[in-house]
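The block underneath contains the structure these notes are about, expressed in structure tokens.
If you're wondering where the values come from, they're calculated on a predicted model, not measured in any experiment. Because only heavy atoms are used, hydrogens play no part in the values below, and waters and symmetry mates are left out as well, while side chains stay in.
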Amino acid sequence: MASTFSGVFAGKFTFYSTQSGGPNYYLTTCRVSDGNHGWIYYPGMNGATVGTVEKFLLYKFPDGTFRIQSGDLRWLAYQSSGNFIEYTDDPTQAAAFSIGGNDLGSTTLQFNQQPVYYQILNNLQAPNLLTLNKVNDSLSIFARVQITPSIDDINSSKSAANGDFTNAILLGQSLQGVNFTGANFTGAQLAGASFNGSTLDQAIMSQTNLQGFNWGTPASAVGIDLTGSNASGCVFGVASSAQPINCSNAKLTGANLSGANLVNLNLQGAQLGNASLVGATLDYANLTKANLNGVVALGASFQHGTLNNVSAQMGNFIQANFNDATLTQAAMGASSYLFLLNASFENELETSKYVQSDLVQAFSQGGVSLDPNAAIEIVIKNQLWMILDPAGPYKLMSADSGILVYNNNPSLSPATLAGASMQRAVFSTASLSGADLRGVQASFGVFDHADIGDASFSGASLVQANFTQANLSGADFSNAVLLQTLFTGCVAGPGGNRKAISFESSQLQGADFSKATFAGAILANGVVADNYGAPLLPLDLSFQTALNNGDLSQITPLFKKAGYDLGTNPDVQSAPFWVIDNSACTTPNAPKQYTAELVANSILVYGNSNTPTQMPASYKPLFNTSTASQNLVSIFSRYNLALALNAPITQGNGWNLLPDTDVAFIRNYRFPQMKIIQETNYLMAYGYSIVLLQTPGDTPETWAFGATINLNNALNAVAIGPSGVPFGWIQQGLVDGGLFYVPLPPPAS
């Protein structure tokens, strides 16, 4: 209709009869049997009261004539065979009327310069038809009452608050700077209409097809109602540098916003439950405290968005983009954050079987009515508790700031975020319990103090992510990339499904497990690193001669069997190394240990950085001593490296192993450089400094890594190591501590 309809909305009116003595009747739609179990509809002066049908929409055309549409969306048309007015569903067949008389008083309708007449019959069951035939008691005067002003009047007064624009055709109309507060646009056609500078607060556009709508930049749209509307592909957003349009508390429940542009909108408190946001763009949008429960946001973009305290249980965010977004306290899991409890209650939670009055009062202050008979269950001592309240249960997690309280109601279903991108996103204290996060790209993401129990991060990329003090009980990190990721202070016992946390086949080089507790963790086939690199394969001491001679003929097949291809012509070079114990250094943030190696004509020194400091090979004599001399301390200082005087130095024998360029991926990772170190009873091959991760494309991901930190202290006796054996075997002398971290070989083909 946009390309053929040239009428301009001229207002909405009722037309009623003017016979003397009354009563007066309104122009309405009359229904007459067609004699074949169907109905024929006519316009007639038969309406006793005013409803939707009796409100007629007028459209003025460039030639000055009008087209008239009934409230039930039928067009007045001319029937030449009977010389009367009938209905058509085709707007191009609508009759062109001239309107005479007073705009809002006595009005005449003319068609082809002939007046339109009507009669008031005694039997209102028969239509009082509109006709061009005049009889003795015919009337040609209509009383017309305005329901909604015309576009011209609205643009003149700039006021249309609570206006009735239901089903109005407003295609391409300029409606700028108008107060449309509370106006009803349900069923209106708005493609191409511009609302620049207009106020659309509490305006109603529900259950409406808004496709092609680009509203420009309204002044505000607080509480606007698009419930159930089809707004797919519509443009509502503004540039990220512009002032956000205030759409707070908008009603978008069940709306189709697929492919819509919602960039930089203020949608605080908006209701988007069960809406479709497939492929929608909400970059820079503010969705604080919005309801996204059950939303389908497949492939949607929330980059740089603010989604603090958002509720999104049962939401589908598969392959959505949350890069640089903030989702603090977001409820996307099978729990929802409630409030922060004072840490002084920890002793009470540890010693009381039931809640005490002071805890009931504290919950009340947090807006939660707690059953005074609710039992307390210790899940992980001094870390995690459950209060078994009928309205809960409530999960309580210890944190530096206090005790985080979550509603763990089993009726809450977690969101699905598989394959989503979350680079640098902030999920602090969020609930992701039980959520599907398989394959997410969340490098540098922040998940500190979040409830992530039973969530799946299988196959995720979480390089340098931060999970400080998060609840990870039962979480699945299998096949995840966790290089340099922080797990400091994390708690992970069995989850709700009684499964232990899994790091199976994950990359854990450089991950920090300081003060973490992972009861029964599974690290089978995981890759960890010490100060020499990632232990890959133990070799017999008898291979030293072959390594010194550069002969890898017998070693190469052993590497391949262990899952590491060395290529056709790998190279091996002797590389003496030194380990410096720098634990006595008092300089803040100084490395506790340095590793140095002689490579070609340089000594490479590794500390906290993944990039070595290069020193001349002439310094070798200073390293070949039992402790660090003042001279070596001064040399380190020149390179901005803090070194303790008399720090113990241990020298070792090693070889640098360089695979050929024709190597293949046997596992989903490989190392472009390896190191073989002489241990007491064996040689250990390490992946060194850089790891290459296989990707669907031709170019693998390249990541540098450092040593895994404090993993031993996080594991208990039944934890399963990369080698597949329990951690307790080390203390029992059943497995060497170094061999515990060697991944299992791949299954024989």
What is the ring orientation for F513 with F503, classed by angle as parallel under 30°, tilted 30 to 60°, or perpendicular over 60°? perpendicular
Classify the ring geometry of F487 against F467: parallel below 30°, tilted from 30° to 60°, perpendicular beyond 60°. parallel
For the side chain of N316 and the backbone of I318, is there at least one donor-acceptor N/O pair under 3.5 Å apart? yes
Determine yes or no for a side-chain-to-main-chain donor-acceptor pair under 3.5 angstrom, with S220 supplying the side chain and N246 the backbone. no
Find out whether L340 and V405 are in side-chain contact, i.e. whether some heavy atom of one side chain is under 4.5 Å from a heavy atom of the other. no
Do F317 and M332 come within less than 4.5 Å of each other through their side chains, counting heavy atoms only? yes
What I'd like to find out is whether the side chain of I720 reaches to under 4.5 Å of the side chain of L523, using heavy atoms alone. no
Under 3.5 Å, is there a donor-acceptor pair between the S301 and D283 side chains? yes
Sort and list the pairs that fulfil salt bridge (Lys or Arg N to Asp or Glu O under 4.0 Å) and have at least one residue in residues 426-439, not counting sequence neighbours. D436-R438
Any side-chain heavy-atom pair from Q507 and L693 closer than 4.5 angstrom? yes
Tell me yes or no: between the side chains of S232 and S258, is some donor less than 3.5 Å from an acceptor? no
Donor-acceptor pair between T199 and D201 side chains, under 3.5 angstrom: no
Are side-chain heavy atoms of N323 and R424 found at a separation under 4.5 Å? yes
Before you tell me yes or no, could you show the steps for D451 and T429 under side chain to side chain contact (heavy atoms under 4.5 Å, CB included), namely the whole-Å CA-CA distance, both residues' side-chain angles and the distance that decides it to 0.1 Å? CA-CA 7 Å; D451 182 11; T429 65; over 6 Å; no
Between S473 and N471, do the side chains contain a donor N or O and an acceptor N or O under 3.5 Å apart? yes
Quick one: does F195's side chain get under 4.5 Å of L200's, heavy atoms only? yes
Going by the angle between their ring planes, with limits at 30° and 60°, are F477 and F457 parallel, tilted or perpendicular? parallel
Where do T227 and Q207 land on the side chain to side chain contact (heavy atoms under 4.5 Å, CB included) test, with the steps shown first? CA-CA 6 Å; T227 303; Q207 309 300 326; 4.2 Å; yes
What one should report as the nearest heavy-atom pair of A500 and A519 is CB-O, 4.1 Å
For the residue pair F302 and F322, categorise the inter-ring angle as parallel (less than 30°), tilted (30 to 60°) or perpendicular (more than 60°). parallel
Show the numbers, then the answer: is there a side chain to side chain contact (heavy atoms under 4.5 Å, CB included) between Y284 and T306? CA-CA 7 Å; Y284 296 94; T306 303; over 6 Å; no
Can you check side chain to side chain contact (heavy atoms under 4.5 Å, CB included) on F339 and Y406, steps first, answer last? CA-CA 7 Å; F339 61 92; Y406 293 85; over 6 Å; no
Side-chain H-bond candidate by donor/acceptor type, S478 with S458, under 3.5 Å: yes
Heavy atoms, side chains only, cut-off 4.5 Å: are N382 and E350 in contact? yes
